[in-house]
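Indexing begins at 1, ligand by ligand and atom by atom, following the structure's order.
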Amino acid sequence: MSRHGVVIRRSRSEGEDQKGILDFVKSYKPQNNQVGNLRILLHGPTGAGKSSLINSVESAVRGQICGRSLTDAASGSSFTKKYKTYKIKKDNQSCCSFVFTDTMGLESGTGGIHVKDVKLALRGHVEDGYEFIHDSPLTKEKFGYNSFPSLSDKVHVLVFVVSANHIKIIADDVVKKMKDVRQAASDLGIPQLAILTKVDEACPEVKKDVDNMYKSKSLKEKVDIIHKLLGIPLNCIFLVKNYSSEIETDDKVNVHILCALRQMINFGEDFVNNQ
Ligand SMILES: Nc1nc2c(ncn2[C@@H]2O[C@H](COP(=O)(O)OP(=O)(O)O)[C@@H](O)[C@H]2O)c(=O)[nH]1
Ligand SMILES: [Mg+2]
């Protein structure tokens, strides 16, 4: 069976056990008591669906559509400029023990987030709420620089978010920036995975029925492209349809979001236990 086939089988069996994944995600607590919340950093081109992924995770966890992280329908230039940490609510009272940090998007040329800023964020030097300036990376002297990051401030999992719809036209310099960030994360031992979003826009069969996601040849081709571009192993690349216009959640959509989330948690947990 092809490696893609392995991904298909894994996803199906997890589909049958959605409640199990949900219980795992909701009850998860980092074993390392120096870490309050596992920190997952989302990184990728502007408009790829990073903010939507945060909303989609919370929607899948809560079973209702949530929309706290602002998304941008125009996607011309980065809408998210701040380094912002999002807690994921389990219910009205409590939050999960993992957080997402949303960053300004990557853009071709001098626009978008500066690679130096992402590297600082990986090591916990960027304070929450810091507003990125694309052509002026953060330095030690500036307000917003955390000189003494704790293990909790550091990034524990790096997630590349790329639109399946745009993967073939992604600019060379954007790929170069992502590779640069991947190398920096690897040097720090930070685990990485990739999420291909907008699978509904990229494949008409998936738009009809999201269950066709792992049967789609064109999506398999896109998984291979991201694997070759970034060198991320095939079993660390997940296909996700984010919630964008829906008013209700759907178990078929949730399962893919939750499978990816479980992998993020498992990777992050391993990382913080090895610190
Ligand atoms: N159809 C569809 N639209 C999506 C998906 N993910 C994001 N979007 C839309 O793409 C646009 C940009 O998404 P956003 O999350 O703001 O991207 P960001 O710049 O990476 O944070 C928004 O209009 C989203 O609703 C998806 O999986 N499917
Ligand atoms: Mg955004």
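- For a threshold of 3.5 Å applied to N or O pairs, the pair formed by Asp102 and ligand 1 contains no separation below that value.
- With distances taken over non-hydrogen atoms, the option nearest atom 27 (O) of ligand 1 out of Leu53, Val240, Asn242, Val253 is Asn242.
- Among the atoms of Ser52, no N, O or S atom falls under 2.8 Å of the Mg ion (ligand 2).
- Between Phe98 and His156, the ring center distance fails the sub-6.0 Å criterion.
- Of all atoms in ligand 1, listed by their number and element, those nearer than 4.0 Å to a heavy atom of Lys241 are 27 (O).
- Scanning for side chain to side chain contact (heavy atoms under 4.5 Å, CB included) contacts around Leu188 gives Leu122, Arg123, Ile190, with sequence neighbours left out.
- Remark: ligand 1 atoms within the under-4.0 Å shell around heavy atoms of Ser51 are 15 (O), 21 (O).
- The heavy atom nearest to atom 7 (C) of ligand 1, considering only Ser245, Ser52, Ala164, is found in Ser52.
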What side-chain donor-acceptor pairs closer than 3.5 Å can you find for residues 110-118, not counting sequence neighbours?
{"from": "His114", "atom 1": "ND1", "to": "Lys116", "atom 2": "N", "distance (Å)": "3.1"}
{"from": "Asp117", "atom 1": "OD1", "to": "Leu138", "atom 2": "N", "distance (Å)": "2.8"}

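- Salt-bridge check for Asp209 with Lys252: passed, with a basic side-chain N closer than 4.0 Å to an acidic carboxylate O.
- Here the shortest heavy-atom distance to atom 1 (N) of ligand 1, taken over Thr46, Val161, Val199, Asp200, belongs to Asp200.
- Between Lys168 and Glu221 there is a salt bridge, with a side-chain nitrogen of the basic residue lying less than 4.0 Å from a carboxylate oxygen of the acidic one.
- Counting heavy atoms under 4.0 Å from ligand 1, residue Glu201 touches it through the side chain alone.
- Ring pair Tyr83/Phe132 is perpendicular by interplanar angle, where above 60° counts as perpendicular and below 30° as parallel.
- For Gly47, the heavy-atom gap to ligand 1 drops under 4.0 angstrom.
- With hydrogens and angles ignored, the 3.5 Å screen pairs no side-chain donor or acceptor of Asp180 with any backbone N or O of Lys176.
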